[in-house]
A.B. asks: 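First, the structure itself, so that you have it in front of you.
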Number of protein chains: 2
Amino acid sequence: MANDLAQTPKASAAQRIETALREEIAAGELAPGQRLDEIGLATRFGASRTPVREALSRLTAQGVLVQGERRGVFVAEYTRQDLSQIFEAMHEIEAACARIASQRLNLLTKSEIEAAQAKCVEAAQSGDRAAYLRANEAFHTTIYRATGNPYMAEIASEFRHRTGPFRAKKFSTPEDLLASAQSHQDLIDDIFSEDSTTASKGMRDHMEASFLMALKAN
Amino acid sequence: MANDLAQTPKASAAQRIETALREEIAAGELAPGQRLDEIGLATRFGASRTPVREALSRLTAQGVLVQGERRGVFVAEYTRQDLSQIFEAMHEIEAACARIASQRLNLLTKSEIEAAQAKCVEAAQSGDRAAYLRANEAFHTTIYRATGNPYMAEIASEFRHRTGPFRAKKFSTPEDLLASAQSHQDLIDDIFSEDSTTASKGMRDHMEASFLMALKAN
DNA sequence: CGTCACTATTTTGTATACAAAACTAAAAGT
DNA sequence: ACTTTTAGTTTTGTATACAAAATAGTGACG
């Protein structure tokens, strides 16, 4: 039995680098607009430029990075307008997920959503911000999966990744965590109503509240 | 002044290969499920494996290609279920575009949409199938642009490209063209109502009708 | 006759090397 | 002093080489 601590025992270097960079960007460790030089990353990850280039190439194709005018790849940097448009698109996609999920509910997906929400509540009550961020992520991912549509789920995940750096700062106070968890509960009620209009409106409301919370943190 | 016939004078080899492959796949020259071997492509394009790998990597990230279980990259092959899921996602995104567009109408976007529709009607009445396909494409793209949200527009375009090979066969009869044009007109009415619910429902109806037409053609 | 093991070939992933492009900076000329 | 040119350095893109993994093929043994 392999060591569980070795997270990705047989992942290629390119994949390791890709996910590592994605996480760092999502966590805001790599600031938007920052330039990523290949050789630096190569030495940092103890690899050559080849796998680094592959990782950068894929992240660029996903919109996490952007290719500069002349030279270099940069962490995607968004103007206020860009951000508002990206969030608008994200809201629409999340609402569509909620809509589809509401039409395809079953005992399994329902229990999965409830389990994910339970973890959110737990993290919120203990005031563990990092844990809540993870649980919140998992909650939304659970809804994506509940659509039963992997294509829909993938776009939604992609947008979540894109907006990661800008959502990272929210949940500044313990009260925010509890408010978010409550908002989740309202959303669940709307989705479980199995009415597509109610479900998508519920998600829009939740996303709106979440967005305002993010704005407040900046 | 440079020669206009040299389409991409300073495009990198990797980009040339990427777009060439994308077009071949969209045109159906490379069949779904077909394996793409790096060395073969390299010799075919007169390049080395490095730019080929970069192109394959990006196309994989975009879902045009898929990585096989064990070995090799393959042209994405969709099962009936996959297709239904992809179309479902596409419908949702198109509906979201219609919804946003309806909230952001102005004289310019209205006239653009009407102009695009006029070309559809013209092509439909003259029974020019190829022209209608182009006009239809332009019509939907116009709606994407009318959202004022390039991110939304890009996802929508992406899905339209993905489903291109499977929508190509529809519009078998001249009556289909006229029916589609009429469906467009209904859709325009719904969008111009400036009621987001009506607009998104209108697009859903249109997409549904269009989808059924595509099914009929197979 | 079938199964297992071992070798050989293909294929992928990574490293390194090199050429071309572009930015930087310094020097020369006006 | 300012522009232009030109050398130098960084950086990107591509090619080739090599190692590791995987599949296929071959033969031996049950």
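Every chain is numbered from 1 and lettered A, B, ... according to where its sequence line falls, protein lines coming before strand lines. Quick note: numbers below take in every heavy atom, side chains included, and nothing from hydrogens, waters or symmetry partners.
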A.B. asks: To the nearest Å, give me how far apart CG (B/Leu36) and C1' (C/dT12) are.
C.D. replies: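 Interatomic distance, CG of B/Leu36 to C1' of C/dT12: 15 Å.
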A.B. asks: Roughly, in whole Å, what's the span from CG in B/Asp37 to P in C/dG13?
C.D. replies: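 My rounded result for the distance is 13 Å.
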A.B. asks: Are B/Ser48 and D/dA15 close enough that a side-chain N or O sits under 4.0 Å from OP1 or OP2?
C.D. replies: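 For D/dA15, OP1/OP2 do have a side-chain N/O of B/Ser48 under 4.0 Å.
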A.B. asks: Return the value, rounded to whole Å, for the distance between atom CD of A/Glu38 and atom C1' of C/dA17.
C.D. replies: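 Answer to the nearest Å: 15 Å.
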A.B. asks: Determine whether the aromatic ring centres of A/His91 and A/His206 lie less than 6.0 Å apart.
C.D. replies: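 No, the ring of A/His91 stays outside the 6.0 Å limit from the ring of A/His206, centre to centre.
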A.B. asks: Report the distance from atom CD of B/Gln67 to atom C1' of C/dG13, rounded to the nearest whole Å.
C.D. replies: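 The answer, rounded to whole Å, is 11 Å.
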A.B. asks: Whole Å only: how far is the CZ atom of B/Phe45 from the P atom of D/dT14?
C.D. replies: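 After rounding, the reported distance stands at 13 Å.
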A.B. asks: Looking at the side chain of B/Ala47, which of D/dA15, C/dA15, C/dG13 is the nearest nucleotide?
C.D. replies: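 Shortest atom-to-atom distance from the side chain points to D/dA15.
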A.B. asks: Please list, chain by chain and in numerical order, all residues satisfying salt bridge (charged side-chain N to carboxylate O under 4.0 Å, His left out) with A/Arg134, sequence neighbours excluded.
C.D. replies: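 A/Arg134: no salt bridge (charged side-chain N to carboxylate O under 4.0 Å, His left out) contacts found.
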A.B. asks: Establish, from distance only, whether the side-chain atoms of B/Tyr151 and A/Asp82 form a donor-acceptor pair under 3.5 Å.
C.D. replies: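 Distance-only check passes for B/Tyr151 and A/Asp82.
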A.B. asks: Give a yes/no answer on whether the side chain of A/Arg35 brings an N or O atom under 4.0 Å of OP1 or OP2 in D/dT12.
C.D. replies: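 Yes, A/Arg35 has a side-chain N/O under 4.0 Å of OP1/OP2 on D/dT12.
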A.B. asks: Measure from CD on B/Glu18 to C1' on D/dG13 and round the result to the nearest Å.
C.D. replies: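 Those two atoms, CD and C1', are 15 Å apart.
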A.B. asks: Reckon A/Arg16 has a side-chain N or O less than 4.0 Å from the OP1 or OP2 of C/dT14?
C.D. replies: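 No.
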A.B. asks: How many whole angstroms separate atom CG of A/Leu41 from atom P of C/dA15?
C.D. replies: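 After rounding, the gap between these two atoms is 14 Å.
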A.B. asks: Could you tell me the separation between the CZ atom of A/Arg49 and the P atom of D/dT10, rounded to a whole number of Å?
C.D. replies: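 Going from A/Arg49 (CZ) to D/dT10 (P), I get 14 Å.
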A.B. asks: Which residues pass the salt bridge (charged side-chain N to carboxylate O under 4.0 Å, His left out) test with B/Glu94, not counting sequence neighbours?
C.D. replies: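 Partners of B/Glu94 by the salt bridge (charged side-chain N to carboxylate O under 4.0 Å, His left out) criterion, ordered by chain and then number, come out as B/Arg160.
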A.B. asks: Does the side chain of B/Arg53 get closer than 4.0 angstrom to OP1 or OP2 of C/dG13 through an N or O atom?
C.D. replies: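 Yes, such a contact exists.
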